[in-house]
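Just so you know, these numbers come straight off a predicted model, no measurement behind them.
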Amino acid sequence: MEHINKLSGAHIDILKEIGNIGAGNAATALSKLLNKKIEMAVPYVQIATFDEVMELIGGAEQVVACVYLRIEGDAPGNMFFVLSLAQAERFIRQMTGDEAFTFDTHPSELGQSALQELGNILAGSYLSALADFTNLAFYPSVPMLTVDMIGAILQYGLLELSRVGDYAILIDTALYDERRPEDSVNGHFFLLPDPDSFASIFRALGVDLP
């Protein structure tokens with residue numbers, strides 16, 4: 001926590017700007033995909049510890065839908081897009097028109113593919129914005145979708161790779177149809193850089209970590 005407390009508002013401002021640009025890019029891509037006007041907002045950006053990330057999402061035992069991918073390149077790490085089951089079902093219903101979709105029964109492959117595509121678009125958009133700011137190269141893997149307790153997902157995604165860093169960059173994401181802003185889909189998008197990558201990202205942004 002000591003290092004996080006020393007991080008200045010400049011760090012958060014940079015990340016918020018990257019998040020906003022990424023959200024704008026993602027909204028444009030989703031609007032074309034769905035053939036309707038989609039808006040995205042980034043209400044909150046935070047640098048958090050691994051344990052804080054799990055608590056912010058509702059605790060290690062919270063069951064969620066998660067799109068996960070690995071990033072290689074100049075600053076390797078892991079990316080996760082996490083939605084509550086209710087929010088994930090809402091998005092899939094909106095995207096596919098299948099009002100009966102639920103994770104309780106046998107979820108359709110179409111619905112699962114739609115959620116993977118959302119994660120793919122978001123990841124690509126945020127990584128593109130981050131690459132533009134840092135001049136670093138990022139190469140994302142094919143996204144994987146899983147439904148499980150968030151603690152189990154993170155433990156598998158990170159410990160299997162033995163590359164657990166100290167911090168995560170957490171970007172809250174609100175996705176909504178311009179005509180129905182009250183039906184927003186709210187999720188958590190976060191980047192968990194490998195141990196050396198966090199400092200590499202900020203050095204590329206011209207900010208030295210304490």
Side-chain angles (χ1 to χ4, degrees), residues 1-23 26 40-71 75-85 87-88 119 122-123 125-127 129-131 133-134 136 138 140 143 146 148-175 184-210:
M1 286 299 297
E2 180 182 355
H3 287 89
I4 291 177
N5 290 337
K6 288 181 179 178
L7 295 175
S8 72
H11 298 77
I12 301 299
D13 290 343
I14 292 168
L15 294 176
K16 186 73 180 283
E17 181 64 16
I18 291 169
N20 284 327
I21 291 172
M40 285 188 66
V42 178
Y44 190 62
V45 174
Q46 179 176 343
I47 299 171
T49 65
F50 179 82
D51 290 337
E52 285 174 327
V53 165
M54 283 199 288
E55 289 307 311
L56 286 165
I57 293 170
E61 296 184 356
Q62 180 77 18
V63 177
V64 297
C66 177
V67 178
Y68 158 77
L69 53 90
R70 174 72 186 162
I71 304 162
N78 302 283
M79 293 188 94
F80 300 83
F81 178 59
V82 178
L83 292 165
S84 70
L85 293 188
Q87 291 285 310
L122 283 172
S125 298
Y126 286 131
L127 284 177
L130 188 60
F133 270 75
T134 61
L136 297 174
F138 300 97
T146 186
D148 202 342
M149 293 185 295
I150 186 61
I153 292 170
L154 294 184
Q155 292 292 335
Y156 176 80
L158 301 176
L159 296 185
E160 281 290 306
L161 295 164
S162 299
R163 294 168 175 167
V164 182
D166 295 327
Y167 307 111
I169 299 170
L170 177 69
I171 302 172
D172 278 359
T173 301
L175 171 75
S184 67
V185 173
N186 302 292
H188 302 284
F189 187 85
F190 54 97
L191 168 62
L192 286 165
D194 289 357
D196 296 334
S197 297
F198 199 87
S200 298
I201 289 170
F202 279 105
R203 273 198 304 272
L205 292 169
V207 182
D208 289 326
L209 289 180

I need the minimum non-hydrogen distance between [X] and [Y], along with the two atoms involved.
X: Arg70; Y: Pro76; value: NH2-CB, 3.5 Å
X: Leu83; Y: Gly187; value: CD2-CA, 3.5 Å
X: Ala129; Y: Gly22; value: CB-N, 3.8 Å
X: Ala168; Y: Leu192; value: CB-CD2, 2.9 Å
X: Lys16; Y: Val45; value: CD-CG2, 3.5 Å
X: Ser197; Y: Ala75; value: OG-C, 3.3 Å

Starting at [atom1] of [X], measure out to [atom2] of [Y] and round the result to the nearest 0.5 Å.
X: Ile57; Y: Ser84; atom1: CD1; atom2: OG; answer: 11.0 Å
X: Phe189; Y: Leu170; atom1: CZ; atom2: CG; answer: 10.5 Å
X: Phe190; Y: Leu56; atom1: CZ; atom2: CG; answer: 9.5 Å

Of all residues at least two apart in sequence or in a different chain, which pass the side-chain hydrogen bond (donor to acceptor under 3.5 Å, both in side chains) check with [X]?
X: Thr173; value: Tyr126
X: Gln87; value: none
X: Asp148; value: none

**OP:** List for me each residue that meets side chain to side chain contact (heavy atoms under 4.5 Å, CB included) alongside Ile14, sequence neighbours excluded, and say none if there are none.
**Re:** Ile18, Leu205, Val207

Subject >> Which residues share a side chain to side chain contact (heavy atoms under 4.5 Å, CB included) with Ala204, sequence neighbours left out >> reply: Thr134, Leu136

Would you check if [X] and [Y] make a side-chain contact, meaning some heavy-atom pair closer than 4.5 Å?
X: Ile171; Y: Leu15; result: no
X: Pro143; Y: Met79; result: no
X: Leu122; Y: Met40; result: yes
X: Phe80; Y: Ile150; result: no
X: His188; Y: Val64; result: no

Original post:
Given Asp196 and Arg203, is the salt bridge (Lys or Arg N to Asp or Glu O under 4.0 Å) satisfied, shown in steps?
Top reply: CA-CA 11 Å; Asp196 296 334; Arg203 273 198 304 272; over 6 Å; no

Subject >> Contacts of Phe138 that satisfy ring-ring contact (aromatic ring centres under 6.0 Å, His included) - sequence neighbours left out >> reply: none

Original post:
Pick one: which of Leu191, Asn78, Asp194 meets side chain to side chain contact (heavy atoms under 4.5 Å, CB included) with Ile71?
Top reply: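 Of all the options given, the one that passes is Leu191.
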
